[in-house]
Engineer: 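I have a structure I would like to understand better, so I am pasting it below and will then ask my questions one at a time.
In listed order, ligands and their atoms are each counted from 1. Just so it is clear, the values below take in all heavy atoms, side chains as well, and ignore hydrogens, waters and symmetry mates.
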Amino acid sequence: MSTSSPYDNLPDAHGFFGEFGGQFVPPEMKQVMDEISVAYQEIRQRKDFQEELAYLLADYVGRPSPIFYARRLSEKLGGARIYLKREDLNHTGAHKINHCLGEALLAKFMNKTKVIAETGAGQHGVALATACALVGIPCEIHMGTVDIAKEHPNVTKMKILGATLIPVTRGTATLKDAVDSAFDEYLKDPHNFIYAIGSVVGPHPFPGMVRDFQSVVGREAREQFLERYSKLPNYIAACVGGGSNAMGIFTAFLNDESVKLIGVEPAGEGLDTKRHAATMTLGKPGQIHGMACYVLEDDEGNPLPVHSIASGLDYPGSGPQHSYLKDLGRVEYASADDTECLDAFMMLSRVEGIIPALESAHAVAWAIREAPKLSQEQSILVNLSGRGDKDADYVAEKLGLN
Ligand SMILES: *Cc1c(COP(=O)(O)O)cnc(C)c1O
């Protein structure tokens with residue numbers, strides 16, 4: 001293996017992945033971000049922190065999550081073997097608990113008085129409220145009213161867990177607006193508050209830090225796959241909203257050139273409509289929420305309204321490391337539309353008895369589309385980022401199953 005891999009030791013000291021990332025924030029905010037960065041660099045070296053995080057990931061989250069061979073699905077499709085990395089089995093039902101525990105422990109270490117965050121589908125909110133309850137820190141979650149209506153069970157859970165919920169009505173009342181609202185609150189007292197970003201996005205150090213916390217997924221998957229099958233998968237597919245579950249599973253495989261990495265974006269109602277959130281596929285380099293990355297924006301540089309059937313994927317930006325990996329050609333970005341996502345949701349439920357999150361169903365949809373084109377010797381590992389309990393009622397109504 002080359003010692004000068006373009007994929008290692010990123011971001012650089014200024015938080016850049018090539019030309020992407022950085023800290024495009026006011027000077028006061030830059031100082032606060034630098035404090036978080038210094039604290040993170042300190043904490044991550046400490047044995048007590050590493051041991052506590054490892055203990056919680058094992059006995060609280062339930063890691064390692066298994067890899068499951070989806071035999072019936074693979075045989076039905078008649079091509080590549082499809083495997084699932086079961087992040088849906090984690091406590092709270094998705095991959096997000098992995099980085100929320102890290103962020104809550106960091107907040108505790110920095111003596112912060114309040115943890116603030118946005119949430120889309122409510123998954124980050126629930127995971128963060130859970131981690132804050134466990135660690136013992138007040139938690140405030142900002143959420144668009146459109147998402148609140150759609151994801152009611154998660155809203156109830158956040159309240160039960162003791163979080164303060166702030167409904168956001170501005171703009172399209174979805175994820176991007178919740179980010180803006182949470183950021184405004186954070187700016188009121190950034191020295192005592194901490195903003196726990198829900199993905200590999202935002203100013204440095206968040207993209208690298210959240211990736212580090214999530215990279216346990218890929219480390220486990222690589223070891224599990226090698227141990228059981230004595231080889232690596234040919235393809236790894238993960239859905240991409242901000243990009244944390246994808247970076248989580250991709251990171252351990254970046255230097256394995258034989259493994260093709262596929263990020264699956266939401267094509268919504270179609271790439272030829274204005275109703276999608278396919279940032280890597282159709283966006284261009286720009287800036288959003290304090291970072292440089294691919295962005296879906298208008299000619300004046302304002303973020304475009306985006307749409308996906310999966311609330312957790314409708315974001316007009318994407319992690320800077322994804323932007324970097326796209327330009328290097330290391331990760332290929334594909335997409336699946338709302339209809340394919342629903343079909344995949346139902347197929348996985350009925351053929352394997354696993355109800356996936358609508359977000360994760362995008363990666364499953366890609367596997368369903370591509371597997372028949374490949375031989376049975378080939379394998380696709382899908383990161384099943386979360387479970388679909390939160391989406392069950394919505395899908396049942398949409399498909400007239402009630
Ligand atoms: C939030 C969420 C996503 C999207 O976030 P990424 O940062 O792109 O991973 C994907 N799947 C599930 C289940 C989620 O809750």
Side-chain angles (χ1 to χ4, degrees), residues 65 84-100 103 117-128 130 141 143 147 150-151 153-154 157 174-176 178-179 196-202 206-207 209-211 213-215 217-218 236-251 262-266 277-280 289 291 293-294 306 308-323 331 333 335-336 341 344-345 348 354-366 382-392:
S65 65
L84 308 172
K85 176 64 170 163
R86 301 287 312 272
E87 291 299 293
D88 60 313
L89 294 178
N90 294 345
H91 179 45
T92 69
H95 69 289
K96 289 197 175 76
I97 191 71
N98 301 325
H99 68 248
C100 286
E103 289 179 331
E118 82 290 344
T119 194
Q123 292 298 102
H124 179 54
V126 170
L128 195 65
T130 301
I141 305 293
M143 185 171 187
D147 292 333
K150 202 163 142 191
E151 309 284 356
N154 277 343
K157 282 185 207 161
T174 56
L175 184 58
K176 185 202 152 285
V179 174
I197 295 179
S199 187
V200 287
V201 299
F206 282 92
M209 183 169 79
V210 171
R211 173 208 58 203
F213 290 141
Q214 284 297 344
S215 61
V217 177
I236 297 179
C239 65
V240 177
S244 67
N245 86 86
M247 281 319 306
I249 197 160
F250 290 168
T251 297
I262 316 292
V264 187
E265 298 199 289
T279 311
M280 304 300 295
H289 294 131
M291 61 175 165
C293 64
Y294 275 81
V306 285
S308 166
I309 193 168
S311 305
L313 300 183
D314 60 3
Y315 182 60
S318 63
Q321 194 166 6
H322 283 288
S323 304
V331 177
Y333 293 86
S335 62
C341 166
F345 179 99
L348 193 68
I354 297 172
I355 303 176
L358 282 172
E359 289 81 5
S360 324
H362 285 77
V364 177
W366 182 87
V382 172
N383 197 15
L384 202 71
S385 53
R387 69 175 87 122
D389 306 31
K390 66 184 177 61
D391 302 312

Engineer: Closer than 3.5 angstrom, by distance alone: can the side chain of N383 be matched with the main-chain N or O of N245 as a donor-acceptor pair?
Structural biologist: yes
Engineer: Can you find an N or O of N245 that's nearer than 3.5 Å to an N or O of ligand 1?
Structural biologist: yes
Engineer: As an exercise, identify every atom of ligand 1 less than 4.0 angstrom from a heavy atom of H95.
Structural biologist: 2 (C), 3 (C), 9 (O), 10 (C), 11 (N), 12 (C), 14 (C)
Engineer: What atoms in ligand 1 come closer than 4.0 Å to a heavy atom of G386?
Structural biologist: 13 (C)
Engineer: Check whether any side-chain N or O of S308 sits under 3.5 Å from a backbone N or O of A310 as a donor-acceptor pair, and report yes or no.
Structural biologist: yes
Engineer: State the CD-CE distance between E265 and M280, to the nearest 0.5 angstrom.
Structural biologist: 6.5 Å
Engineer: Would V240 count as being in polar contact with ligand 1, using the rule that some N or O on each side must be under 3.5 angstrom apart?
Structural biologist: no
Engineer: State the atoms of ligand 1, each with its element, that fall below the 4.0 Å cut-off from a heavy-atom position in G243.
Structural biologist: 6 (P), 7 (O), 8 (O)
Engineer: Should you measure from each heavy atom of G312, which atoms of ligand 1 turn up under 4.0 Å away?
Structural biologist: 4 (C)
Engineer: Measure up the H99 and H124 rings against each other and bin them: parallel (under 30°), tilted (30 to 60°), perpendicular (over 60°).
Structural biologist: tilted
Engineer: State, without any angle test, whether T130 and T92 hold a side-chain donor-acceptor pair at a distance under 3.5 Å.
Structural biologist: no
Engineer: With a 6.0 Å cut-off on ring centres, are F345 and H362 close enough?
Structural biologist: no
Engineer: Please report whether ligand 1 has a polar contact with K390, defined as an N or O pair separated by less than 3.5 Å (distance criterion only).
Structural biologist: no
Engineer: I'd like to check which ligand 1 atoms, numbered from 1 as shown, lie under 4.0 Å from a non-hydrogen atom of Q123.
Structural biologist: 15 (O)
Engineer: Identify, for atom 12 (C) of ligand 1, the protein heavy atom at the shortest distance, and state residue, atom and that distance.
Structural biologist: S385 OG, 3.5 Å
Engineer: Does one side chain, of E87 or S385, offer a donor that lies under 3.5 Å from an acceptor on the other?
Structural biologist: no
Engineer: Number the atoms of ligand 1 from 1 as they appear, then name those within less than 4.0 Å of a heavy atom of A357, with their elements.
Structural biologist: 13 (C)
Engineer: Taking the basic N atoms (NZ, or NE/NH1/NH2) and the acidic carboxylate oxygens, is any pair closer than 4.0 Å for K96 and E103?
Structural biologist: no
Engineer: For ligand 1, which atoms sit closer than 4.0 Å to a heavy atom of G241?
Structural biologist: 8 (O)
Engineer: Is the closest N or O pair between L313 and ligand 1 shorter than 3.5 Å?
Structural biologist: no
Engineer: Among all the protein's non-hydrogen atoms, which is closest to atom 1 (C) of ligand 1, and how far away is it?
Structural biologist: K96 NZ, 1.4 Å
Engineer: Look only at interatomic distance and state if E359 has a nitrogen or oxygen under 3.5 Å from any nitrogen or oxygen of ligand 1.
Structural biologist: no
Engineer: Starting from atom 6 (P) of ligand 1, which protein heavy atom do you reach first, and at what distance in Å?
Structural biologist: S244 N, 3.3 Å
Engineer: Between L384 and K85, is any pair of side-chain heavy atoms under 4.5 Å apart?
Structural biologist: no
Engineer: Check whether N154 reaches the backbone of A121 with its side chain - one donor and one acceptor, N or O, closer than 3.5 Å.
Structural biologist: yes
